[in-house]
Amino acid sequence: MTGGPKERKQVFTGIGVTAPNGLGTEAWWQATLAGVSGIGPVTRFDASKYPATLAGEVPGFDVKEHIPSRLIPQTDHMTRLALTAAAEALQDAAVDLEQLPQYAAGVVTAASAGGFEFGQRELEALWSKGGQHVSAYQSFAWFYAVNSGQISIRHGLRGPSGVLVTEQAGGLDAVAQARRQLRKGSLLMVTGGVDGSICPWGWTAQLTSGRLSTRDDPARAYLPFGADAAGHVPGEGGAILVLEDAEAARERGARVYGELVGYAATFDPGPGRPGEPGLRRAAESALEQAGVTPDEVDVVFADGAGVPALDRLEAEAITKVFGAGGVPVTVPKTLTGRLAAGGASLDLAAALLSLRDAVIPPTADVGRLAEDCALDLVTAPRPRPVRTALVLARGYGGFNAAAVVTAAR
């Protein structure tokens, strides 16, 4: 499934980040280029009795410094992170929302678990104390669309809004939906994903996937495409982006990070059904929509499941499109863990900053590559001009997404 025909262009003008290796865009980006990891033992609850004990947690986040006091009782931790990232993205875009027509700006985000930590706390109150002790805010604080709603209310974004629930692929799917709204006439969309459910309830749900690493060494727990890969480390955070109509951005003199030129989404065959997984088709369709040939792509930001069978399938898809070692491939999420709906939007932010700074960010050292992964995996910052980047994402349940961004033309 691809987007519709091209009409007006859409460009990124703002980035906001809350990530396990940096709070704020520049702090995260510099830590990423330096190879600083944000993965460590879980601190948000006692995980010592669980099979998996590592996570990527956002450091130094004092909610009182970022969120109005009236919002604190009614928001989950991941919504507070999303509000923080959205505020940074809008400030970075230097846009005066009051100067836009009333319904010209909206918000579309991605989610996977919703406000699990908030929901667990209220369920515990229900079971131990009774219904009268359950917060009225539980009615929406747990909901998948809560980040879109809270961002919209806080910034007066009265235009189109929505939420995409496709797990790790959601960070790209939300941006694509925002682009559709711009093509329909909106001028600015706040989009992307911030996610996280590092609490016993959320942890148990993630363990059921069978994909979490149970190693206790942060440096060896998440090794996508590595010969010793054994699952992934979950994390919290993500990126919120400002996507604008290019002409409107030009008229207000906005600084542009890059242009969204291609996107596609596909689905894997159902369990037991024949057929190739859909990631390759997503990549090829996104490139075709962008009018970009494989030899014009400067870097691929891979999904990087960290599960050997899934890594092999992704490596095969990339190799079929670009040839063996035909394009630099990087997985900067090895420094943060997989952030569910926040992961792909954070990769998209990394792609945009690669365009800006002419450097490919590194993958953490995964050791020897798996024999069936014929990839040019970038394990140290690689300075080079970056004009075109392909971002890949796969969501649990068979979702695939691909997006192509280029330097502003």
Side-chain angles (χ1 to χ4, degrees), residues 10-18 23-25 58 61-111 114-115 137 140-141 143-164 170-171 174-175 177-182 184-196 237-245 248-249 251-257 260 341-342 345-346 348-349 352:
Q10 297 81 36
V11 296
F12 294 95
T13 58
I15 300 174
V17 169
T18 54
L23 178 58
T25 299
V58 176
F61 182 74
D62 184 345
V63 64
K64 295 179 181 179
E65 294 180 0
H66 300 279
I67 305 299
S69 59
R70 63 178 178 79
L71 287 179
I72 294 176
Q74 59 181 278
T75 49
D76 181 80
H77 177 65
M78 64 96 185
T79 298
R80 297 167 185 171
L81 295 176
L83 285 167
T84 301
E88 182 189 17
L90 285 165
Q91 182 179 27
D92 186 46
V95 59
D96 185 351
L97 295 174
E98 294 184 356
Q99 297 300 311
L100 296 178
Q102 187 173 15
Y103 300 105
V107 54
V108 177
T109 65
Y137 298 128
F140 60 80
F143 192 46
Y144 300 104
V146 65
N147 289 355
S148 289
Q150 290 286 16
I151 292 169
S152 174
I153 293 168
R154 187 176 184 190
H155 297 285
L157 304 172
R158 299 184 177 183
S161 65
V163 61
L164 277 294
V175 171
Q177 179 64 10
R179 181 177 69 163
R180 295 186 186 103
Q181 297 300 342
L182 292 175
K184 292 179 180 180
S186 296
L187 299 180
L188 180 148
M189 296 294 294
V190 175
T191 187
V194 171
D195 213 344
I240 298 295
L241 310 166
V242 175
L243 186 66
E244 288 192 62
D245 175 83
E251 289 180 356
R252 72 176 186 86
R255 180 270 325 279
V256 171
Y257 286 103
L260 178 62
S345 56
L346 191 63
L348 197 54
L352 294 170

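Predicted model, so just to flag it, every value in this text is computed and none were measured.
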On a heavy-atom basis, which atom in Ala82 and which in Ile240 lie closest, and how many Å separate them? O-CG1, 4.0 Å
Would you call Val163 and Phe143 a side-chain contact if the rule is heavy atoms closer than 4.5 Å? no
Would Leu97 and His155 count as a side chain to side chain contact (heavy atoms under 4.5 Å, CB included) if you check the C-alpha gap in whole Å, the side-chain angles of each, and the deciding distance to 0.1 Å? CA-CA 8 Å; Leu97 295 174; His155 297 285; 4.0 Å; yes
Between Thr13 and Glu244, is there a side-chain donor-acceptor contact under 3.5 Å, judged purely by atom types and distance? yes
Judged by atom type as modelled, is there a donor-acceptor pair below 3.5 Å linking the side chain of Ser345 to the main-chain atoms of Gly238? no
Any side-chain heavy-atom pair from Ile151 and Leu83 closer than 4.5 angstrom? yes
Verify, without hydrogens or angle tests, whether Glu88 (side chain) and Thr25 (backbone) share a donor-acceptor contact under 3.5 angstrom. yes
Rounded to the nearest 0.5 Å, what separates atom CG in Leu90 from atom CG in Asp96? 11.0 Å
What's the spacing between Leu241 CG and Leu348 CG if we round to 0.5 Å? 5.5 Å
For Glu251, does the CD atom have more than 12 heavy-atom neighbours from other residues, nucleotides or ligands under 6.0 Å away? yes
Rounded to the nearest 0.5 Å, the CG atom of Leu182 sits from the CD atom of Gln10 at a distance of 5.5 Å
dist Thr79:OG1 -> Ile72:CD1 (nearest 0.5 Å) comes out at 13.0 Å
Minimal non-hydrogen separation, Arg158 against Tyr103, with atom names: O-CD2, 3.2 Å
Between Ala349 and Ile15, what is the shortest heavy-atom contact and its length? CB-CG2, 3.9 Å
In this structure, are over 12 heavy atoms from other groups packed under 6.0 Å from Arg252 atom CZ? yes
Starting from the C-alpha separation in whole Å, work towards a yes-or-no answer on side chain to side chain contact (heavy atoms under 4.5 Å, CB included) for Glu65 and Thr84. CA-CA 10 Å; Glu65 294 180 0; Thr84 301; over 6 Å; no
Using only atom types and a distance under 3.5 Å, with no angle test, would you say the side chain of Asn147 pairs donor to acceptor with the backbone of Thr109? no
Any donor-acceptor pair under 3.5 Å linking the side chain of Thr191 with the backbone of Val108? yes
Take Val146 and Asp76 through the side chain to side chain contact (heavy atoms under 4.5 Å, CB included) test and state the conclusion after the steps. CA-CA 9 Å; Val146 65; Asp76 181 80; over 6 Å; no
Quick one: does any side-chain atom of Ser152 pair with a main-chain N or O of Leu157 as donor and acceptor, under 3.5 Å? yes
Should the ring pair Phe61 and His66 be called parallel, tilted or perpendicular, given that the plane angle runs from 0 to 90° and is split at 30 and 60? parallel
Check Gln177 against Leu164 and note the closest heavy-atom contact, atom names and distance. CB-CD2, 3.9 Å
Would you check if Leu243 and Val175 make a side-chain contact, meaning some heavy-atom pair closer than 4.5 Å? yes
Any side-chain heavy-atom pair from Pro160 and Arg180 closer than 4.5 angstrom? no
For the student: nearest non-hydrogen atoms of Ser69 and Pro73, plus distance: O-CD, 3.2 Å
Exam field: side chain Arg80 to backbone Leu71, donor-acceptor pair closer than 3.5 Å: no
Rounded to the nearest 0.5 Å, what separation is found between the CG atom of Asp245 and the CG atom of Leu188? 9.5 Å
When every non-hydrogen atom of Gly192 is compared with those of Ala174, the smallest separation belongs to O-CB, 3.8 Å
Can you measure from CG (Asp195) to CG (Leu346) and round to the nearest 0.5 angstrom? 12.5 Å
